[in-house]
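Heavy atoms only: backbone and side chains are in, while hydrogens, waters and symmetry mates are out. Small disclaimer: the values here were computed from a predicted structure and weren't measured. Numbers here are sequence positions counted from 1.
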Amino acid sequence: MSFFSRRQSRAGHEESDPVPPAPRCQDLPSARQSFLKERFMQRISRESAPAPVRLLRPGLKRRTALVAAPVLLVAAVATATSLTGAFGDSAPTEVNAADHHEAVRLLDRIALVAAERPARTVRDEQYVYTKIKGSWAAPNGGTDVFVREDWIAVDGERNGLSRHVLAEGSPSLDLRRADREMLVYRDPNMTTYRELEALPTDPDALLRKIEKDTEGQGPTHDEAVFEAIAEMLPQSTLRPELNAALYRATAKIPGVVVRQDAVDAAGRPGVGLAVHTDGDNVVWVFDKDGLTYLGTNKTALLDVGIADATDQRPLSR
């Protein structure tokens with residue numbers, strides 16, 4: 001169901017009545033435009049959007065699955081879109097071959113570590129559990145820090161659950177309670193764990209599929225592919241063969257470079273990987289010693305596993 005209601009005709013309106021002119025829109029102050037732009041970017045961002053987001057099926061549009069979506073934010077997104085248009089896409093920059101080769105070597109090491117993890121046996125009636133930490137702009141200024149837990153049905157045939165908890169000191173605590181639960185409706189547009197299992201594990205075939213699915217997206221196509229892979233990394237850690245293939249596919253993206261001294265959204269230091277551009281891009285962060293995936297500079301992955309029911313946490317890893 002769309003968040004936007006269809007325009008209804010006014011009851012009793014006669015055809016002879018004059019149609020009033022459209023009201024003249026005033027330009028918003030620059031500070032307000034900046035705020036709306038930031039909220040809009042958070043809404044479309046794969047990393048920081050408050051709803052669980054997965055790689056899209058070809059030909060389908062993304063839809064937010066949360067029931068209790070903030071309608072005012074949707075209105076702000078629409079306003080920001082009409083007011084600001086394009087927001088200065090990041091531009092690709094020249095990457096030194098040695099820098100890219102360094103990233104390829106690191107990704108090969110990460111893939112080897114990922115492939116050695118034990119595979120999990122997962123039943124359709126179970127849920128993929130993820131716990132993340134991130135931040136977004138507070139409506140009245142400042143930044144809210146949140147922790148979010150998601151329970152998404154393995155087969156996609158049942159509703160899930162999402163729980164947000166605002167950290168102490170977040171400005172929005174003055175406006176609402178710290179925790180909030182939202183039902184996650186069964187959504188045919190959301191790629192399920194079972195569908196991730198069906199993805200090819202040959203890196204070349206996998207990359208071709210992701211490139212096709214992300215055609216026309218992102219500031220640059222390389223960034224769109226990179227971020228689409230990032231969306232799959234949390235769940236794919238439960239599928240070692242696919243997880244390793246995703247890292248080897250990433251090594252084939254031109255412009256991927258190492259970011260030393262990277263820090264995830266929870267403040268954990270590590271070694272990073274990013275698509276080299278002039279923009280504020282997403283950086284994947286890995287533990288320097290074990291090369292385990294920590295999340296990104298935008299959203300930290302605190303936990304991932306399989307739960308038997310919503311509101312239950314994984315019993316084993």
Side-chain angles (χ1 to χ4, degrees), residues 34-55 62 64-66 68-70 73-74 76-77 80 87 90 128-152 160-182 184 190 218-219 223-224 226-237 259 262-270 272-275 279-287 292-305 313:
S34 297
F35 167 74
L36 292 175
K37 169 184 169 180
E38 184 175 0
R39 295 305 297 271
F40 173 71
M41 296 307 292
Q42 289 177 345
R43 184 69 172 179
I44 65 173
S45 169
R46 296 181 177 89
E47 292 291 335
S48 59
V53 179
R54 305 291 180 258
L55 183 66
R62 168 168 292 152
T64 301
L66 297 182
L73 173 57
V74 177
V77 169
F87 295 139
S90 56
V128 177
Y129 169 85
T130 54
K131 182 179 182 180
I132 65 172
K133 182 176 183 178
S135 62
W136 52 49
N140 292 341
T143 301
D144 287 334
V145 177
F146 68 90
V147 172
R148 190 185 82 203
E149 295 176 286
D150 292 327
W151 290 263
I152 305 299
L161 180 70
S162 183
R163 175 183 294 130
H164 300 70
V165 178
L166 290 180
E168 185 177 352
S170 294
S172 292
L173 287 175
D174 296 334
L175 305 177
R176 65 176 180 85
R177 56 183 293 177
D179 61 308
R180 180 174 56 175
E181 286 188 357
M182 289 172 280
V184 181
M190 188 180 292
E223 287 179 272
F226 187 80
E227 293 184 14
I229 292 174
E231 291 175 2
M232 292 185 283
L233 291 182
Q235 288 199 52
S236 72
T237 59
R259 291 279 188 253
V263 179
D264 75 359
R268 297 175 295 185
L273 288 162
V275 174
D280 179 21
N281 49 4
V282 173
V283 179
W284 301 356
V285 185
F286 299 84
D287 176 74
T292 55
Y293 179 66
L294 300 179
T296 75
N297 58 329
K298 309 291 185 183
T299 307
L301 179 63
L302 303 182
D303 196 6
V304 59
R313 292 170 180 82

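Scanning both residues, His164 and Ser162, for their nearest heavy atoms gives CE1-OG, 3.4 Å. Nearest heavy atom pair, residue Phe226 against residue Ala274, reads CZ-CA, 3.7 Å. For the pair Ser170 and Asp144, the tightest heavy-atom approach, listed with the atom from each and the gap, is CB-OD1, 3.3 Å. For Asn297 against Val285, the heavy-atom pair with the smallest separation is N-CG2, 4.1 Å. Closest heavy-atom contact between Thr130 and Val304: CG2-CG2, 3.9 Å. In terms of heavy atoms, Ala265 sits closest to Gly134 at CB-CA, 4.5 Å.
The only member of Val263, Asp287, Leu294 that meets side chain to side chain contact (heavy atoms under 4.5 Å, CB included) when paired with Arg268 is Leu294.
Salt-bridge annotation for Glu181 and Arg163: present, with a side-chain N of the basic residue lying under 4.0 Å from a carboxylate O of the acidic one.
The distance from the CG atom of Leu166 to the CG atom of Asp179 is 9.0 Å, given to the nearest 0.5 Å. Here the straight-line distance linking atom CZ of Arg148 with atom OG1 of Thr299 works out to 7.5 Å at 0.5 Å rounding. Rounding to the nearest 0.5 Å places OG1 of Thr143 at 12.0 Å from CH2 of Trp136. Once rounded to the nearest 0.5 Å, the distance linking CG of Leu233 with CD of Gln235 reads 11.0 Å.
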*asked:* Please evaluate residues Val283 and Thr296 with respect to the criterion side-chain contact (heavy atoms from CB on, under 4.5 Å), reporting the C-alpha separation (whole Å), side-chain torsions for both, the decisive distance (0.1 Å), and the verdict.
replied: CA-CA 5 Å; Val283 179; Thr296 75; 5.9 Å; no
_Criterion side-chain contact (heavy atoms from CB on, under 4.5 Å) on Arg259 and Trp284, from CA distance to verdict_ = CA-CA 9 Å; Arg259 291 279 188 253; Trp284 301 356; over 6 Å; no
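Asp264 places no side-chain N or O within 3.5 Å of a backbone atom of Ala300 that could act as its donor or acceptor partner.
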